[in-house]
Number of protein chains: 2
Amino acid sequence: MADVARSAGVSTMTVSNVINGRPRVGAATRERVLATISELGYQVNLAARHLRAGRTGVVGLAVPELERPYFAQLAGRLADRFEAHGLRIVMERTGGGREGELDAVAFSRLRMYDGLILSVVDLDPSELNQLRTDAPVVMIGERALPSRFDHVMMDNVDGARQATAYLLGTGARRVAMIGGDPTGSANMPGLRAEGYAIAHAEAAVPVDPELNVRSSFGLQDGYDAIRSLLDRGIGFDAVFALTDVVAMGVLRALADAGLRVPDDIQVVGFDDIDEAAYLVPSLTSVNPGHDEMADRITELLTAQITGGPTGDPKEVVVPARVVARGTTKPPA
Amino acid sequence: MADVARSAGVSTMTVSNVINGRPRVGAATRERVLATISELGYQVNLAARHLRAGRTGVVGLAVPELERPYFAQLAGRLADRFEAHGLRIVMERTGGGREGELDAVAFSRLRMYDGLILSVVDLDPSELNQLRTDAPVVMIGERALPSRFDHVMMDNVDGARQATAYLLGTGARRVAMIGGDPTGSANMPGLRAEGYAIAHAEAAVPVDPELNVRSSFGLQDGYDAIRSLLDRGIGFDAVFALTDVVAMGVLRALADAGLRVPDDIQVVGFDDIDEAAYLVPSLTSVNPGHDEMADRITELLTAQITGGPTGDPKEVVVPARVVARGTTKPPA
DNA sequence: TTGAAAGCGCTAACAT
DNA sequence: ATGTTAGCGCTTTCAA
């Protein structure tokens with residue numbers, strides 16, 4: 001910038017004023033500066049700008065995996081909303097482990113972001129509270145996280161309860177759960193497993209532990225889980241897959257086994273990703289309140305960014321609901 | 001940092017040395033500084049650090065939409081590879097328009113990123129060449145882009161040719177193309193349309209312009225395109241969908257119309273997204289060489305980052321190949 | 001082993 | 001309408 005100023009015979013301040021379109025610059029001077037800028041190929045240094053301004057105009061979104069449709073689709077929704085506030089969303093991955101989640105906070109608190117949206121899966125409340133940050137942060141995620149951060153979550157327990165209740169309501173009596181964590185710990189699989197258990201209790205249908213297959217959350221994991229049930233000869237008449245992606249693997253495995261959906265086996269997923277409605281048959285799923293989640297996250301974070309630290313941390317739970325489609329039968 | 005220095009009774013330089021783990025610091029001093037740091041909850045300011053160091057350890061990946069599976073999955077692959085080089089990938093969206101693509105470059109050249117991977121869809125070569133950047137950039141994208149940037153692309157024309165040839169080889173004679181741009185312009189739809197035309201010429205099968213339905217690339221767009229053909233009574237025995245996402249919409253529309261796949265209508269997609277193999281029936285698609293693309297992009301960008309401006313811009317075309325699955329019949 | 005000085009590139013605040 | 005001064009928080013260089 002100094003080069004430009006010298007070359008145009010003005011002060012750096014005037015150059016700065018021109019670049020930022022500030023008013024108090026003569027038309028002739030402006031022209032000259034602009035000409036010099038393009039002549040020299042000058043470009044602003046954002047790092048310096050941020051050092052002065054103390055803000056970057058960027059909001060970070062840190063998620064476990066970039067390629068999971070749920071997060072990718074959430075990112076798209078958030079990008080729309082933040083754009084309206086003049087903020088750009090950038091997405092990075094944590095890998096879903098402690099390390100990566102802590103990194104994300106470190107990176108953000110180091111002022112590269114004006115705010116951070118963090119999907120927490122592996123950090124526990126005590127670790128969270130030890131984070132030194134007064135920067136704006138909104139946690140999302142499945143877990144209950146009593147902490148000093150604003151927190152938006154989907155209603156995992158009730159969503160899973162509804163999904164399972166829906167299946168039981170159609171007459172299913174042996175509902176396999178794929179991906180659930182039967183130990184009921186406070187993470188996503190645990191919470192969804194809890195809803196599964198509640199629905200069974202409400203319907204007075206006993207839960208067979210053999211029907212729970214723990215698995216990871218990829219397509220192949222859903223596939224393998226069904227193969228495993230089939231190979232072990234464990235009978236089931238419905239499947240509650242903990243995510244829609246898992247459900248896709250399940251559907252494939254059922255097809256390979258010559259089982260018809262929903263006639264022989266019904267299937268319900270969770271997340272209601274865009275693809276769910278387009279599968280053949282279309283996938284019944286739990287919609288975790290996508291738009292409301294995105295709205296709440298945006299509100300809370302922009303409030304923190306513009307208004308400084310707000311009072312008590314807010315904890316928002318967005319209601320979930322079953323969207324019935326082709327992989328289930330109508331309620332009996 | 002000054003606070004810490006004062007409070008620990010040392011100079012800021014010593015604090016800096018401690019933080020960066022540099023050797024020439026006495027053990028006692030180090031302890032004291034460390035203690036003061038955690039006491040005061042001090043955190044480095046990255047903006048300042050970058051201002052000095054001139055690098056950030058971050059590589060930007062700018063794509064049209066965060067939620068398109070092709071890009072989300074590419075991002076995951078790139079993140080793996082760059083992590084091995086100590087670089088973190090952050091993903092942002094351009095919206096697929098000129099404005100956003102220029103923004104992405106601006107943002108990156110302004111030193112927020114050490115390098116940028118830019119998926120170009122709307123910028124043309126002349127605009128690209130006017131970009132003032134000596135920062136490391138690798139373009140990805142479908143278009144031929146003679147420019148001064150390294151450029152990695154999939155072989156759109158040949159991939160589309162193979163897909164279409166495969167269909168013609170199974171006996172299909174009226175292959176609908178969904179999403180293609182019949183004007184043959186140098187963007188992705190145009191290139192894939194070109195491959196479609198070449199395959200027809202090679203097989204001496206005439207192309208019926210009515211079989212080309214222009215559309216956007218969402219699930220619903222594929223659905224609507226098929227409905228449109230059906231409603232207009234245009235007969236077809238196969239579909240070449242320009243992307244797998246479009247193909248999913250197509251499959252759904254065919255199912256709704258009571259048409260069986262592949263018996264009545266065969267379908268081929270493009271991109272070979274992870275989901276393709278798990279659909280029922282599984283989707284025949286064109287694999288654009290995912291791993292090789294990710295490898296090349298990583299090599300070219302890290303070379304630029306560590307080695308400074310390399311000689312001539314490299315232009316890499318990664319070969320594509322058809323992966324035959326359940327939505328097509330075996331070759332005749 | 002530690003510190004002082006200088007400056008990275010920018011802009012807010014205050015001259016002129 | 002334009003310029004001067006000062007300083008954002010850090011690190012490189014050189015001196016003690």
Side-chain angles (χ1 to χ4, degrees), chain A residues 1-38 40-58 106-114 132-135, chain B residues 1-38 40-58 106-114 132-135:
Chain A
M1 181 147 118
D3 288 348
V4 175
R6 195 171 324 110
S7 176
V10 297
S11 77
T12 62
M13 218 29 244
T14 303
V15 176
S16 172
N17 285 333
V18 170
I19 290 171
N20 294 283
R22 280 184 275 258
R24 295 136 173 290
V25 182
T29 319
R30 161 169 288 114
E31 285 315 310
R32 190 150 33 90
V33 171
L34 253 20
T36 317
I37 284 178
S38 71
L40 267 49
Y42 163 80
Q43 309 154 189
V44 211
N45 178 326
L46 259 205
R49 177 122 92 196
H50 294 161
L51 177 57
R52 277 283 344 182
R55 58 185 307 276
T56 60
V58 176
F107 193 70
S108 132
R109 101 182 152 215
L110 302 176
R111 317 277 200 86
M112 295 314 302
Y113 296 144
D114 288 350
R132 290 288 204 148
T133 313
D134 32 323
Chain B
M1 183 146 119
D3 289 347
V4 175
R6 195 172 324 109
S7 175
V10 297
S11 77
T12 61
M13 220 27 248
T14 303
V15 177
S16 171
N17 284 333
V18 170
I19 290 172
N20 295 283
R22 277 183 276 258
R24 299 143 168 283
V25 182
T29 319
R30 160 170 288 114
E31 285 315 310
R32 188 151 35 89
V33 171
L34 253 19
T36 317
I37 284 178
S38 69
L40 266 49
Y42 163 79
Q43 310 154 188
V44 213
N45 178 326
L46 260 204
R49 177 121 96 196
H50 295 161
L51 177 57
R52 283 265 12 165
R55 60 184 306 276
T56 60
V58 175
F107 193 69
S108 131
R109 102 182 149 213
L110 302 176
R111 317 275 201 87
M112 294 315 302
Y113 295 145
D114 288 350
R132 291 289 205 146
T133 313
D134 31 323

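Only a predicted model underlies this, so the values are computations on that prediction, with no experimental measurement involved. Reminder, nothing fancy here: chain letters follow the sequence lines and each chain counts from 1.
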N/O to N/O distances under 3.5 Å, protein versus nucleotides 1-5 of chain C:
residue: C:dT1; atom: O3'; partner: B:Gly26; partner atom: N; Å: 3.4
residue: C:dT2; atom: OP1; partner: B:Thr29; partner atom: OG1; Å: 2.3
residue: C:dT2; atom: OP2; partner: B:Gly26; partner atom: N; Å: 2.3
residue: C:dG3; atom: OP2; partner: B:Ser11; partner atom: N; Å: 2.9
residue: C:dG3; atom: OP2; partner: B:Ser11; partner atom: OG; Å: 3.4
residue: C:dG3; atom: OP2; partner: B:Thr14; partner atom: OG1; Å: 2.6

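For A:Arg52 against C:dG9, a side-chain-to-base donor-acceptor contact under 3.5 Å is absent.
Between B:Ser16 and B:Met1, the closest heavy-atom pair is CB-CE, 3.6 Å. Between A:Thr36 and A:Ser7, the shortest heavy-atom contact is CG2-OG, 3.4 Å. In terms of heavy atoms, A:Ser11 sits closest to A:Ala5 at C-CB, 3.7 Å.
Whole-Å rounding puts the A:Ile37 CD1 to C:dC10 P distance at 10 Å. Look at CD on A:Gln43: it is 13 Å from C1' on C:dG9, rounded to the nearest Å. The CE atom of A:Met1 sits 13 Å away from the P atom of D:dT4 (whole-angstrom rounding). For A:Arg6 and C:dG9, the CZ to P distance is 12 Å, given to the nearest whole Å.
In terms of modelled atom types and a separation under 3.5 Å, the side chain of A:Ser38 and the main chain of A:Ala35 share a donor-acceptor contact.
Inter-residue side-chain proximity for A:Arg30 and A:Val33 is flagged as unmet; no heavy-atom pair is nearer than 4.5 Å.
Taking side-chain N and O atoms only, A:Ser16 has a distance below 4.0 Å to OP1 or OP2 of C:dT11.
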